[in-house]
Amino acid sequence: MLSSFIHLQYCYDYLVNQISIGLLLYSHIPAAIAALMFGIFLIFQSRKRANVTFFMVCLCFATWCFLDLGSWFAFLGSDSMMFTWSLADLFAPLFYFFSYYFLYTFLTEQDLPTWQKSVGMGLIIPIAVWILMGQKLMLYDANTCEALENTGFNYYQFCIEGVFLISCLVLAMVLYRRAKDAVQKRKVIFATIGVFAFLGFFLSGTLGVNFLVSDSAVAFAYNFEIYGLFGMPILLVYLGYLIVKYHAFDLKIFSAQALSFALVALIGAEFVFVSSVPSIVLVAVTLVLTGAIGILLSRSVKREIEQRERIEKLADELEATNDRQEGLIHFIGHEVKGFLTKDAGAFASLADGDYASLPQSLKPFVEQALIESRAGADSVASILKASNLKKGTVAYTKELFDLKELVRATLEKEKVSADHKGLTLLFNAEDSSYQMNGDKGQIADHVLRNLIDNSINYTTSGSVTVSLRREGAKILFSVKDTGVGITSEDKVRLFTEGGHGKDSQVVNAHSTGYGLYIAKQITEAHGGTIRAESEGAGKGSEFIVEFPAS
Amino acid sequence: MKGESHFPVLVPLFALLIVIVIVFTYYRYVIQGDFIMNVVSGCDPTTEKCFLPSCSSAEDPSCPPGPYKKIVIRSGDAPRCLENHSCEHFACDNTSLCTETYCSDAVLEDGESCAP
């Protein structure tokens, strides 16, 4: 097959004496095809600037590979050799320029400034003009089947390639200093290493070869440049991986599509080997089916990824909305609490006769208004407390105290309410130590008083029994009543934020639905647990709190 | 970008330049053969002053097999047998860019000698 391409037997004999044709093909063609396929693959995934400029790097590099191979194959004719050799030295600085362009767009996610584009292109224009004028290659030496290069041109080319290389380093240093976080800094380092290795590898190879050629001490100096080509696809894949990693490009889609592509390529390659019609038909059918399934698989994975991204976006928006809502609740709560507290203060002053004696007929109304204002302020305070607990902004002042004494003090205050309703308030405490570490005020107000208050509010007749006992390292506090009880339906909502029992507001009109939620948060903040037990509606209930003893 | 509005044709112009270079380079080298070729050709030492090879063509394929003269010719004007080193006898004609260099002390390079 190769013999049909040999126009100059002399040059073919000269070449095979110098280097293996297979080595030339295997060093150039896989590198070119890998670069081209990878570049095309990435640009089909996304038209982001980084992907487009990376594709240009791959395209220029692949073109250089094919042109360089052409410059080796002088047996095709001196004319084609001179053509490919001269153009190879145009595409080399081009992929240097696009490598810098890629690094800039990849790290900054912006287009290269116009002045930098102008400078980059301006540096390459003299090379293009020299080639256009035929000044790049001085002559063709038919004795060695090689071209004689213009050394001045070569030095200029190496200089501008060095400029692009150094520019990559400078850009990396500037962006590294500007990077806001460790992730961005790592991105700069990895990308620069990849680009610098890719370009540096290439430049050192060609520069070294050029030195050997000019020295004339080494025969067949151009042979050495091909060994550098084996490493190029690795570096290209490394750079492509960075694009995938840092552009939130989901690896699942990439893998699914890469797998499909590889399968199609492998099956397609069989066409080279099959010759019979049935085999060709079979391979064709397999190819079409594999391609179709690959497309469906990729689409399915892509859809799944898009749905997940949509859900994540919605979750973020929901969180933001919740934060805004919390802020609004706080603002309104503080304002309303302020008004109610002032009202309570005014009514208290009136009831106490600070300004003048109230008429007897007015006193009950003022006293009722005072109770309602205080209850209103307490309700708003509960809502604000719940909000603070949810945000985690509540601070606890922990100290060692006797829970039994705290329960006794709370019961003294609650006795008035119980007596008012005609309920019996009982207290049982085993003879033991009830020392615990905690915020005395928060526990008294929001756990003990809340639970006792609830039992009193939801018991129309009978008794409320408060118990205290020790169980090993735990202190058990319980409030048992003969009240309305808790249905299984209501149990689910008991300790939730704003959770009301189905008929709770019928029995207790002032129920905010936050009391038990707050009690639970504070209990758990002290390493304890809280639960409710009831045999059902009308059968009373018992609330049990466990605290760790000191 | 602000700058791009002033140079909207920068990239297309550059791309056009590359295409022009490719096309004209192809025309120059492949169509016209407009480049200088340096080649050696057979020489008759009985009538011409020939170079003698100082190497062995068995060891070095680029070593001329026998007495030779140097020819510098425009590739487009050269017959294929010349660059393939298979012309029996070649001589420049006066109508093309072609020079023949015969051996003399003035033109000898390292490793070269003249036939007696």
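By convention in this document, chain letters (A, B, ...) are assigned in the order of the sequence lines, proteins followed by strands, and residues within each chain are numbered from 1. A quick note: this is a predicted structure, and the numbers were derived from the prediction, not measured.
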For this session: Please step through side-chain contact (heavy atoms from CB on, under 4.5 Å) for the pair A/Met82 and B/Val30, ending with a clear verdict.
Result: CA-CA 8 Å; A/Met82 291 290 279; B/Val30 178; over 6 Å; no
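- In this structure, the portions of B/Ile20 lying under 4.5 Å from any heavy atom of chain A include both its backbone and its side chain.
- Summarising the geometry, atom OG belonging to B/Ser75 is positioned 11.0 Å from atom CG belonging to A/Leu139; distances are rounded to the nearest 0.5 Å.
- Using a distance-only test at 3.5 Å, with no hydrogens or angles considered, a donor-acceptor pair links the side chain of B/Asn84 to the main chain of A/Gln9.
- Under the ring-ring contact (aromatic ring centres under 6.0 Å, His included) test applied with A/Phe83, the options B/Tyr26, B/Tyr29, B/Phe35 reduce to a single match, B/Tyr26.
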Problem set entry | CA sep, side-chain torsions, deciding dist, call: B/Val21, A/Leu87, side-chain contact (heavy atoms from CB on, under 4.5 Å) | CA-CA 8 Å; B/Val21 169; A/Leu87 283 182; 4.0 Å; yes
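- How far CZ of B/Arg28 is from OG of A/Ser86: 9.0 Å, rounded to the nearest 0.5 Å.
- Not a single donor-acceptor pair under 3.5 Å links the side chain of A/His7 to the backbone N or O of B/Arg80.
- The contact between A/Leu94 and chain B is made entirely by side chain atoms (from C-beta outward), counting heavy-atom distances below 4.5 Å.
- Note that CG of A/Asn143 is 11.5 Å distant from CD of B/Glu83, once rounded to the nearest 0.5 Å.
- Interatomic distance, A/Tyr140 OH to B/Met37 CE, rounded to the nearest 0.5 Å: 7.5 Å.
- A/Leu132 touches chain B through backbone and side chain together, each having a heavy atom under 4.5 Å away.
- With chain A as partner, the option from B/Thr25, B/Val39, B/Ile18 having the largest number of non-hydrogen pairs under 4.5 angstrom is B/Thr25.
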Exercise. Are B/Leu10 and A/Ser118 close enough, and set up right, to give a side-chain contact (heavy atoms from CB on, under 4.5 Å), and what steps lead you there?
Worked result: CA-CA 8 Å; B/Leu10 185 68; A/Ser118 305; 3.6 Å; yes
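- Taking CD1 of B/Ile22 as the start and CD1 of A/Ile131 as the end, the distance is 9.5 Å to the nearest 0.5 Å.
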